[in-house]
Amino acid sequence: MLNFELYNPTNYVFGKGQTEKLSKLVPANTKILLAYGGGSIFKNGVYDQVKAALKGNEIIEFGGIEPNPRFETLMKAVEIVKSQNITFILAVGGGSVIDGVKFISGAVHYEGDAIDILKKKILFKDKSKVIPFGTVLTLPATGSEMNSGAVVTIEATQEKLTLGGSALFPIFSIVDPTVIVSLPKRQIQNGIIDAFTHVMEQYLTYPHDAMLQDRIAEGILQTLIEVGPAVVENPSDYKLASNYVWCATMALNGLIQKGVPSDWATHMIGHELTALFEIDHARTLAIIAPSLYKVMFETKKEKLAQYGERVWQITGNTVEEKAEKAIAKTVEFFHQMGMKTKLSENTDNYLNTADFIVNRFSERGWKALGEKQNITLEKVREIVEMSY
Ligand code: NZQ
Ligand code: ZN
């Protein structure tokens, strides 16, 4: 097993009715910025719950954080935090609102041009230099409620870039599984597939000796397969909802990444498809992952076979046979979860995509991706073209 440090300071507050605890979780004597998205919180009652729980607190509201949050929008919130002397931010929403708040939190005291936070991938490590924040999660998918990473889009250049650092964990996150009842089916499907792919990025690499991490990863995958199709149809079933939500957090709160190699190339390529075509994040992963497993078959085949045997109970005479069946089974699951796994099924305008992505990675100085750094730009091209 590789050496690791496990640090996760987020107070994770899970279950029905937990929003009532907000007043105790928000630090005393703070002036709060309540940040939200396009308004779903007004329709499903979450806004009312939050306001009721925070009666008596001084709150300024900032709405309009878009899916795939925009740098340009977030900078408006940064100005408000500065001019209004805000001392705490509450993100109420899905991954986009939470990620947006992480950016705002870091940008307020950032000395220099805030766009460099994204362009230079600044890591925030000093808690005294960020605005503390908590979250009320409304869309289980990204794990952003219990991790310190974020993804922000620069509208002007159509770039989707990451930021993070140990100072950007939420202080607390309220995670009430009943919030999923108001989600459109499409978003629940997205949540399951995003969480599933998070596990795969950290699990589907090459054989190593971290046995527990493999078993936890396989347990999350099996649970997502078990509850995924059912929770889309019955989001008010609390057993299904609570297991889905907990899987989504566990998939990306850092635990299964400790001591193991990880890949993340599906995400890196997928982000470009969102930046270019505004395809939902999870749907980009379902487009790229199958081609990536095929192009990187020699590197990943042992782990693919293990995944096939343990997660899908696949049998076969050779590693290759089991690995191939495992890829096919994964695609079948993606389809069952409403994903369209070809780029051409998601946009008409796809023909120059591989060139565009390869050029962009090259301009950024990225030479190779993946757990073995062997997904070269030529491989990236092959993966993207195979996904057309
Ligand atoms: O904006 P509102 O009106 O709230 O509506 C949202 C949005 O339209 C709606 N929604 C959220 N909760 C709802 C609801 N509608 C009804 N009822 C509810 N309870 O759903 C839509 C999508 O929301 P969004 O936050 O964009 O989705 P998601 O949580 O999937 O977040 C996606 C973003 O997170 C990033 C993605 O790249 C993308 O930008 N990611 C962040 C990660 C992280 N921080 O660790 C990791 C991920 O891999 C991912 O990259
Ligand atoms: Zn993701």
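What you are looking at is a predicted structure, and each value in this text was computed from that prediction instead of being measured. Order of appearance sets the numbers: ligands from 1, and atoms from 1 within every ligand.
In summary, the atoms of ligand 1 found under 4.0 Å from a heavy atom of His271, numbered by their order in the structure, are 37 (O), 50 (O). Annotation for ligand 1: atoms under 4.0 Å from non-hydrogen atoms of Gly39 are 3 (O). Remark: ligand 1 atoms within the under-4.0 Å shell around heavy atoms of Thr138 are 11 (C), 12 (N), 13 (C), 18 (C), 19 (N). Applying the 4.0 Å criterion to heavy atoms of His267 picks out, from ligand 1, the atoms 48 (O). Of all the atoms in ligand 1, the ones that sit under 4.0 Å from a non-hydrogen atom of Gly37 are 1 (O). Heavy-atom proximity to Gln187, at under 4.0 Å, picks out these atoms of ligand 1: 20 (O), 21 (C), 22 (C). The ligand atoms of ligand 1 that sit less than 4.0 angstrom from a heavy atom of His281 are 36 (C), 37 (O), 47 (C), 48 (O), 49 (C), 50 (O). The atoms of ligand 1 that sit less than 4.0 Å from any heavy atom of Leu252 are 45 (O), 46 (C).
The Zn ion (ligand 2) has Asp194 OD1, His198 NE2, His267 NE2, His281 NE2 as its protein N, O or S neighbours under 2.8 Å.
Between the side chain of Gln18 and the backbone N or O of Phe14 there is at least one donor-acceptor pair closer than 3.5 Å. Remark: the backbone N or O of Thr315 is paired with a side-chain donor or acceptor of Lys325 at under 3.5 angstrom. Checking side-chain atoms of Ser344 against main-chain N and O of Tyr388 turns up a donor-acceptor pair under 3.5 Å. No donor-acceptor pair under 3.5 Å is formed between the side chain of Asn234 and the backbone N or O of Leu240. Of the possible donor and acceptor atoms, one in the side chain of Arg283 sits under 3.5 Å from a partner among the backbone N and O of Gly338. Under the 3.5 Å distance criterion, the side-chain polar atoms of Asn147 are matched with a main-chain donor or acceptor of Leu252. Between the side chain of Thr153 and the backbone N or O of Arg70, no donor-acceptor pair lies under 3.5 Å.
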Please test Phe277 against Tyr350 for ring-ring contact (aromatic ring centres under 6.0 Å, His included), starting from the C-alpha separation and ending with a verdict. CA-CA 9 Å; Phe277 306 116; Tyr350 57 87; 8.4 Å; no

*asked:* For Glu61 and Lys51: C-alpha separation, side-chain torsions, deciding distance, then whether salt bridge (Lys or Arg N to Asp or Glu O under 4.0 Å) applies.
replied: CA-CA 11 Å; Glu61 297 179 9; Lys51 287 293 275 202; 3.2 Å; yes

Quick one: do Glu378 and Arg381 satisfy salt bridge (Lys or Arg N to Asp or Glu O under 4.0 Å)? Show the steps, please.
CA-CA 5 Å; Glu378 270 322 298; Arg381 178 185 302 283; 3.6 Å; yes

Which is it for Arg360 and Glu363 under the salt bridge (Lys or Arg N to Asp or Glu O under 4.0 Å) test, yes or no, and what are the steps along the way?
CA-CA 5 Å; Arg360 200 163 232 191; Glu363 278 163 24; 5.6 Å; no

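Protein non-hydrogen atoms do not reach within 4.0 Å of atom 9 (C) of ligand 1.
At the shortest separation from atom 37 (O) of ligand 1 among protein heavy atoms lies Lys160 NZ, 2.6 Å. Considering only non-hydrogen protein atoms, atom 17 (N) of ligand 1 sits nearest to Ser182 OG, 2.8 Å. Atom 7 (C) of ligand 1 has as its closest protein heavy atom Pro67 CG, 4.0 Å. The protein heavy atom nearest to atom 30 (O) of ligand 1 is Ala141 CB, 3.9 Å. At the top of the distance list for atom 4 (O) of ligand 1, counting protein heavy atoms only, stands Ser40 OG, 2.7 Å. Of all protein heavy atoms, the one lying nearest to atom 44 (N) of ligand 1 is Asp99 OD1, 2.7 Å. Protein heavy atom closest to atom 48 (O) of ligand 1, with residue, atom name and distance, is His198 NE2, 2.8 Å. If you check which protein heavy atom lies closest to atom 38 (C) of ligand 1, you get Asn68 OD1, 3.4 Å.
One option in Thr266, Leu139, Leu137, Leu163 has a heavy atom closer to atom 20 (O) of ligand 1 than any other, and that option is Leu139. Scanning Gly149, Gly191, Ser96, Ala251 for the heavy atom closest to atom 32 (C) of ligand 1 points to Ser96. Taking all heavy atoms of Val181, Asn253, Leu183, Asp194 into account, the minimum distance to atom 14 (C) of ligand 1 is reached by Leu183.
Inclusion of Gly38 in the set of residues having an N or O under 3.5 Å from an N or O of ligand 1 is warranted. Between Ile41 and ligand 1, not a single N/O pair is under 3.5 Å apart.
For the pair Lys129 and Phe124, the cation does not sit on the ring face, since its NZ or CZ is not both under 6.0 Å from the ring centre and inside 45° of the axis.
We find the OG1-CG distance between Thr347 and Leu273 to be 9.5 Å, quoted to the nearest 0.5 Å. Taken from CD1 in Ile287 to CD1 in Ile279, the straight-line distance is 4.0 Å, to the nearest 0.5 Å.
Using a cut-off of 4.0 Å between Lys/Arg side-chain N and Asp/Glu carboxylate O, Asp263 and Lys300 are scored as salt-bridged.
No part of Glu66 comes within 4.0 Å of ligand 1, judged by heavy-atom distances.
In this structure, Tyr307 and Phe196 have perpendicular ring planes: the angle between them is above 60°, well past the 30° mark. By the 30° and 60° cut-offs, the orientation of the rings of Tyr36 relative to Phe42 is perpendicular.
The shortest heavy-atom distance from Asn147 to ligand 1 is under 4.0 Å.
When ring centroids are compared, Tyr7 and Phe169 come within the 6.0 Å threshold.
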